[in-house]
Protein chains: 2
Amino acid sequence: MDTTQRTGQQRSADLRRRELLEAADRVVLRDGPHASMNAIAAEAGITKPILYRHFGDKGGLYAALAVRHTDALLASLRAALDAPAERRQRVESTLDTYLAAIEARPQVYRFLMHPADGAAAPGDQTEQGFDVGKHSAPLLRRMGEELAQVIEERLDVGPGTQQLARVWGHGIVGMMHAAGDWWLGERPCTRAELVSTLADLLWGRLAAAGDKAGGPGF
Amino acid sequence: MDTTQRTGQQRSADLRRRELLEAADRVVLRDGPHASMNAIAAEAGITKPILYRHFGDKGGLYAALAVRHTDALLASLRAALDAPAERRQRVESTLDTYLAAIEARPQVYRFLMHPADGAAAPGDQTEQGFDVGKHSAPLLRRMGEELAQVIEERLDVGPGTQQLARVWGHGIVGMMHAAGDWWLGERPCTRAELVSTLADLLWGRLAAAGDKAGGPGF
DNA sequence: ACCTGCATGTTACTTACGGTAACCCCGAGT
DNA sequence: ACTCGGGGTTACCGTAAGTAACATGCAGGT
């Protein structure tokens, strides 16, 4: 086959793939992460085997979907993180960007945080341990690494910066995630209040606070 | 039926339930969260319907299992949190207790962090939104609330303490969780180093750090 | 002794879903 | 006219959740 033809086929295949992803997106956003391959295929106007030809298995499809959304969110976060402003301002802006994203499209959020679930084939277990320590959604890991890199590049904390940056990166992302998840479920305050309170925490207000009268102190 | 007989039956049922939970525990710890009801029943020396009679459905069984382990872990954490010592010491001790627990029994950790997955019955969806904002494992929520309560009881941060305590509680727990998960997977440093670095983060070292030379600062 | 009530247990089934094998159709190239 | 490859379908398998109907064993009342 010559180059032109091959390109044509490639293009067509890529377009098809995109259409399928769009359809899958609609279904997942409508039915949640438990959407069946049949449902997705039906939404796309085709049948299961085609999905499998394109994505291998359910994990592959979900991974492809997740990468799209994750890339988009990470781009927004990078923008907030790179803006020219004071550090506190930037931290608040990044937190707010993340929270605004999960608030605007909770379904996407829910989907991204859900681990693939389709990794453990029967009888695949090496030794007796399965996939310990890989619970977190890829999105969290990627955000953690991204933030770690920014911290390492920009912050001066003496020796051991690299290690510290990674710990802090994952830690801060985890803080943001957990607080965001809880907030999204209960809505106990405005987004701005949440952002400010979290930034306060990062700014050491926990250490600075006084003990409450009467107790042995916290 | 008179009281004696009823008590006897109740006791026996409770004992049976405990035996079943023990068996389920063994299987889940051996095969991971994907353990089938058949496997669990086999381990207990019985068959499926009995499990269903006792626990309703798979979610029920898993919830019962999770509560056991969660209670145990929370008890340890409370102990560390309530020890008579300086605040920083206590925070570090609590972090270390958590990390030691997930390090010692990663399988349990993995299981606890895994959402039940068996909540979405087909056709149960109210409106078009499913269970947005309830992604986090029950363990995380419970730890967050617990910590929030301690903070609120012990810390003096002026007005709005209650709200702030809950945000911080969930935030700190999330930080601990994400950092712990990452650390458990990559083991980039010792547990003590991780604890110390995280405590540093909570103690405001992020805000206090200087900008790296050459950049616009973080 | 016999029947009744009830918890305990079983086999065998249904349903749903991920994944796959085998076949089909149609347009392009020779 | 003929085959050849890509896009598509039907029909199927294996597994696992959940259930219905049937069997068994042990109290207690008559």
Side-chain angles (χ1 to χ4, degrees), chain A residues 1-20 23-24 27-28 31-65 114-125, chain B residues 1-20 23-24 27-28 31-65 116-125:
Chain A
M1 54 179 81
D2 74 328
T3 311
T4 322
Q5 179 182 353
R6 182 178 183 182
T7 309
Q9 285 176 192
Q10 285 286 104
R11 252 180 67 86
S12 145
D14 274 14
L15 285 188
R16 200 86 190 88
R17 193 185 159 93
R18 253 190 207 137
E19 289 175 22
L20 299 186
V27 175
V28 166
D31 298 352
H34 296 286
S36 78
M37 294 298 266
N38 261 326
I40 295 174
E43 171 73 26
I46 51 164
T47 50
K48 270 192 302 177
I50 309 207
L51 286 181
Y52 284 96
R53 281 228 251 277
H54 276 272
F55 300 103
D57 61 353
K58 190 171 187 169
L61 203 177
Y62 274 41
L65 265 186
H114 205 57
D117 267 350
D124 120 351
Q125 55 193 25
Chain B
M1 56 178 80
D2 75 328
T3 311
T4 322
Q5 179 183 352
R6 182 178 182 181
T7 309
Q9 284 176 191
Q10 284 284 104
R11 251 180 69 88
S12 143
D14 275 14
L15 285 187
R16 198 89 191 86
R17 193 184 158 96
R18 250 187 212 139
E19 289 174 22
L20 299 186
V27 176
V28 166
D31 298 352
H34 295 288
S36 80
M37 293 297 266
N38 261 326
I40 295 175
E43 170 73 25
I46 51 163
T47 50
K48 268 193 300 176
I50 308 205
L51 285 181
Y52 284 96
R53 279 227 253 275
H54 276 272
F55 301 102
D57 61 351
K58 189 171 185 166
L61 203 176
Y62 275 40
L65 264 185
D117 267 351
D124 121 353
Q125 56 195 25

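Values below: every heavy atom of this structure, side chains too, minus hydrogens, waters and symmetry copies.
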Review point. For Glu19(B) and Ile46(B), what are the C-alpha separation, side-chain angles and deciding distance, and is it a side chain to side chain contact (heavy atoms under 4.5 Å, CB included)?
Key: CA-CA 11 Å; Glu19(B) 289 174 22; Ile46(B) 51 163; over 6 Å; no
Check your understanding: Please give, in whole Å, the distance from dG18(C) C1' to Leu51(A) CG?
Key -> 12 Å
Review point. Which of the following nucleotides, dG9(C), dG18(C), dA17(D), is nearest to the side chain of Arg53(B)?
Key: dG9(C)
Study note, to complete from the structure: Taking every heavy atom of Leu61(A) against every heavy atom of Phe55(A), the minimum-distance pair comes out as N-CB, 3.6 Å
Check your understanding: Looking at dG19(C), does its base get a donor-acceptor pair with the side chain of Lys48(A) below 3.5 Å?
Key -> yes
**Study point:** Any N/O donor-acceptor pair, Arg16(A) side-chain to dG6(D) base, under 3.5 Å
**Key:** no
Practice item. Hey, could you give me the NZ/NZ distance between Lys58(B) and Lys48(B), rounded to the nearest 0.5 Å? Key: 10.5 Å
Check your understanding: Would you say dG9(C) has OP1 or OP2 under 4.0 Å from some side-chain N or O of Thr47(B)?
Key -> no
Check your understanding: From dG7(D), dT10(C), dG18(C), pick the nucleotide closest to the side chain of Ile50(B)?
Key -> dT10(C)
Revision key, fill the gap. Separation between CG (Leu51(B)) and CG (Asp57(B)), nearest 0.5 Å, reads 11.5 Å
Check your understanding: Looking for any heavy atom pair under 4.0 Å, which part of the strands does Ile46(B) touch: base, sugar-phosphate only, or nothing?
Key -> sugar-phosphate
Check your understanding: Base, sugar-phosphate, or nothing for Ser36(A), non-hydrogen atoms under 4.0 angstrom?
Key -> sugar-phosphate
Point to revise | Spacing of Leu15(A) atom CG relative to dG6(D) atom C1', expressed in whole Å | key: 16 Å
